[in-house]
Amino acid sequence: MVASPDSAHFAKTGPAAGSDIKLLRTHESEKLERIRHTFSHVMAMAVQRLFPKAQVTIGPSIDYGFYYDFDAPEPFTEKDLKAIKKEMIKIINKGLPVIREEVNREEAKRRIEALNEPYKLEILEGLQEPITLYHLGDEWWDLCAGPHIESTKELNPKAFSLDSVAGAYWRGDENRAQLQRIYGTAWETPEELQEYKRRIEEAKRRDHRKIGKELGLFIFSEEVGPGLPLWTPKGTVLRSTLEDFLKAEQVARGYLPVVTPHIGKVDLFKLSGHWQKYKDDLFPMMGENEDEGFVLKAMNCPFHIQIYKSQLRSYKELPLRYAEFGTVYRYEQSGELGGLTRVRGFTQDDAHLFVTPEQLNDEFLKVVELIQATLKALQLDQSFRARLSFRDPNNKSKYLGSDDAWEKAQSAIRQAVETMGMEHFEGVGEAAFYGPKLDFIVRDALDREWQLGTVQVDYNLPERFDLEYVAEDGSRQRPIMIHRAPFGSLERLIGILIEQYAGDFPLWLAPDQVRLLPVTADHWAYADEAAAQMRQLGVRVEVDKSGERLGKMIRNAEKAKIPVMSVIGDKEVEAQALSIRTRREGDLGSIALADVLERLKKALSDRSDF
RNA sequence: GCCGAUGUGGCUCAGGGGUAGAGCAGCUCAUUCGUAAUGAGCAGGCCGUGGGUUCGAAUCCCACCAUCGGCUCCA
């Protein structure tokens, strides 16, 4: 729910870049963290004043504000939020001192029991002494580690707002009680609050669901079903351009294309282990009985493995790199679906590399190099975070394979990242069930994080499928698999790209690259001729024959976010020239047709602007 | 799946117990125009779906579906 005023794409384009006000996240300012955390306490106090039956749980500061989870008999309504906000302002205006008190466990327990707060009691069980309590004046206190500010006087009653209510499970466990979470945002000054709200509005304007509709890139149909995007001609052009780009990069790196079916026997997925692990996430099985049923594939690896296994492989063939734009189907929970970033049918730019142990590190590095080149071409190289996704050592049963294999795979990944000097962080418990991953994470316009590219080292599936190759000495050896997808999924990538560019695609990706605008119908013939020459170069160009006035045609082209426009009137016809207007730079004046063609050709091959 | 909100012509939205409204888009006509909206006219909606309450429902109630914000999940 929190938007991202300072993430990379905010800085890049759009009106949001115009403001001088720097909005700090909680982790960037210790003072703001205290302020937000104290706001959370003030809110809890206000809630308990107005709703004495509401029980308190936890309430931290977050990136741009705070939340607090309550166990309340009735969910809070919008009206309740207003009342709570009013009550908070009262508390703030009282200027209550925030007092820290240290107590021992018994004392803390005694006091919490006196208030009948079972959640706090459960929290206390996990705490080490000394236990700290924070008081707001002498009316209200909360078990809390702090830190806080000195007095509610330091909170600006005009610099916060309560934004939304949401259900949240106690301790994040869906089997436990569902609590009512109230989210708020808080700042030091009202100006910062205003700026924050303005940037949220800006972020909504670049939402890919909105822009995708405006530009006509994709649709959803209730008749087809939720989470199943349909691609229009314009959207398909964008998709194909991305596919063609990656295919060329892959061919240059020795990948081999394969194509595999959308369904397969359930036995295949039992063998891979996916069935046992992810049964609920597959679309229901087709077929008579469980032994002969078919399922829609949720991943491509078992299919690629079959191609590997179709022949006895020699070490001389390795590494083998099978690549496929494979469409997979996952029955995501209904509440999780959203736009293109979380769908039920999507296309992975998948590949599986079968390598010898000696080749592993080198191949892994080459994959990471490919992903970096891809991100750079898409101008995402400044906005991703690299995550080493390792298994949770305290929950080994969630994963397949031996400790030894996991250790080897995880150290291979860490070593690769360190060799490349890539900035990264570790995500414990984020691994796939069959192996650790290196994931490339980006944020959308509303600051939610999404995984795009991924590389995974896998010792387990080769084991489960009994993969082999004949080594130099004639012995049978087991290959290692690398799963990798630089885009992750085309759907998600396109969603992110739309927001990154706010729909203003660079020339090479734009579904419509050039629109010719003849001033009157007299200029249509010349426009058609110029368009034909552009099409010879592979330029996506159209002639506006709407008969509208020039101003209107320009407006329409601008709204369609076409990167290059060309006005054609008598002067242009006579000079065999085009008057060029680009979306980024406006009117460039008249340029000879031959030169325009040259520049278009170069811009497309360089993936640069006109 | 869970909590909450929303659902009115292609799009954006107003209205709200007595049988639907605007702007844009579309179509027609006139205008032939030089860097972000020419004018006039026309057409277009079982008000998400199904039940219920009512003399009467788009409006109130219930269920379902979809979307949105969270939670959980995310191969």
Side-chain angles (χ1 to χ4, degrees), chain A residues 1-2 67 69 72 74-78 80-81 163-183 204 207 209-210 213-214 216 219-223 225-227 269 272-275 277-278 280-282 297-302 328 330-339 341-343 348 350 389 430-435 437 439 446 448 450-451 454 456 458 461 483 485 488-489 492 517-523 547-559 565-572 579-583 586-590:
Chain A
M1 75 124 250
V2 196
Y67 69 77
D69 287 348
E74 296 286 322
F76 299 111
T77 64
E78 304 267 310
D80 294 338
L81 288 191
D163 298 328
S164 62
V165 193
Y169 300 106
W170 170 236
R171 298 251 146 125
D173 183 344
E174 65 179 320
N175 298 312
R176 304 197 63 176
Q178 186 157 46
L179 309 171
Q180 297 295 320
R181 174 174 299 177
I182 303 178
Y183 280 101
K204 284 184 187 160
D207 188 313
R209 291 165 295 198
K210 185 175 157 65
K213 200 183 269 182
E214 286 165 0
I219 59 156
F220 287 90
S221 154
E222 281 201 33
E223 281 65 40
F269 296 99
S272 70
H274 290 109
W275 178 255
K277 208 82 193 167
Y278 291 107
D280 293 341
D281 299 304
L282 299 175
K297 69 175 168 183
M299 64 291 301
N300 302 300
C301 21
V328 296
R330 301 179 182 179
Y331 195 79
E332 304 287 356
Q333 299 191 95
S334 57
E336 259 310 326
L337 300 171
T341 41
R342 194 73 183 271
V343 290
Q348 294 179 316
D350 213 355
S389 301
E430 300 284 353
F433 74 91
Y434 52 75
K437 312 186 285 174
D439 294 320
L446 290 170
R448 291 169 294 207
W450 298 100
Q451 176 189 315
T454 180
Q456 308 168 7
D458 179 7
L461 290 182
H483 309 236
S489 99
R492 184 174 285 178
L517 312 176
V519 177
T520 75
D522 294 342
H523 312 112
E548 291 288 351
R549 301 189 174 190
L550 180 60
K552 184 61 177 285
M553 288 191 287
I554 288 173
R555 179 178 159 80
N556 288 342
E558 289 283 354
K559 281 181 33 174
M565 283 156 265
S566 168
V567 174
I568 296 173
D570 290 342
K571 284 180 276 182
E572 287 72 25
S579 177
I580 298 293
R581 173 191 166 105
T582 66
R583 189 182 54 209
D587 192 354
L588 300 184
S590 187

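Quick note on labels: first sequence line is chain A, next is B, and so on, each numbered from 1.
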Please state how far atom [atom1] in [X] lies from atom [atom2] in [N], giving the value in whole angstrom units.
X: Asp280(A); N: rA75(B); atom1: CG; atom2: P; result: 14 Å
X: Phe433(A); N: rC73(B); atom1: CZ; atom2: C1'; result: 16 Å
X: Asp207(A); N: rU67(B); atom1: CG; atom2: P; result: 14 Å

Under-4.0 Å side-chain N/O to phosphate OP1/OP2 contact, [X] with [N]:
X: Arg448(A); N: rG69(B); answer: yes
X: Arg581(A); N: rG34(B); answer: no
X: Lys213(A); N: rU12(B); answer: yes

Can you find an N or O donor on one side and an acceptor on the other, under 3.5 Å apart, linking the side chain of [X] with the base of [N]?
X: Arg209(A); N: rC68(B); value: no
X: Tyr331(A); N: rG1(B); value: no
X: Arg342(A); N: rC73(B); value: yes
X: Glu332(A); N: rG1(B); value: no

Look at the side chain of [X] and decide which nucleotide, out of [options], has an atom nearest to it.
X: Asp570(A); options: rA25(B), rG34(B), rA66(B); value: rG34(B)
X: Lys571(A); options: rG69(B), rG34(B), rC74(B); value: rG34(B)
X: Met299(A); options: rU35(B), rA75(B), rC71(B); value: rA75(B)
X: Lys437(A); options: rA75(B), rC71(B), rG34(B); value: rA75(B)
X: Glu558(A); options: rG34(B), rA36(B), rU38(B); value: rA36(B)
X: Gln333(A); options: rA75(B), rU35(B), rC73(B); value: rC73(B)
X: Glu222(A); options: rA75(B), rA36(B), rA66(B); value: rA66(B)
X: Arg549(A); options: rU31(B), rA75(B), rC71(B); value: rU31(B)
X: Thr520(A); options: rC71(B), rA66(B), rC33(B); value: rC33(B)
X: Lys552(A); options: rU35(B), rA75(B), rA37(B); value: rA37(B)

Does some side-chain heavy atom of Phe76(A) sit less than 4.5 Å from a side-chain heavy atom of Ile182(A)?
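Of all side-chain heavy-atom pairs linking Phe76(A) with Ile182(A), at least one is under 4.5 Å.
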
Within 45° of the ring axis of Tyr67(A) and under 6.0 Å from its six-membered ring centre, is that where the NZ or CZ of Arg181(A) lies?
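Pair Arg181(A)/Tyr67(A) counts as cation-pi.
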
Under a 4.0 Å N-O cut-off, is there an ion pair linking Glu558(A) with Arg581(A)?
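Yes.
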
Do the side chain of His274(A) and the main chain of Met299(A) share a donor and acceptor less than 3.5 angstrom apart?
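It does not hold such a pair.
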
Glu548(A) and Asn556(A) side chains, donor-acceptor separation under 3.5 Å:
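Asn556(A) vs Glu548(A): no donor-acceptor pair found between side chains.
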
Centroid separation under 6.0 Å, is that true for the rings of Phe433(A) and Tyr278(A)?
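Centroid distance Tyr278(A)-Phe433(A): below 6.0 Å, so yes.
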
Range-with-range stems of RNA chain B (Watson-Crick or G-U pairs under 3.5 Å, three or more in a row)
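Stem list for RNA chain B: B:1-7 with B:65-71, B:10-13 with B:21-24, B:26-30 with B:38-42, B:48-52 with B:60-64.
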
Does rA75(B) have Tyr278(A) stacked on its base, where the ring centres are within less than 5.5 Å and the planes differ by under 30°?
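Yes, Tyr278(A) stacks on the base of rA75(B), since the ring centres sit under 5.5 Å apart and the planes are within 30°.
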
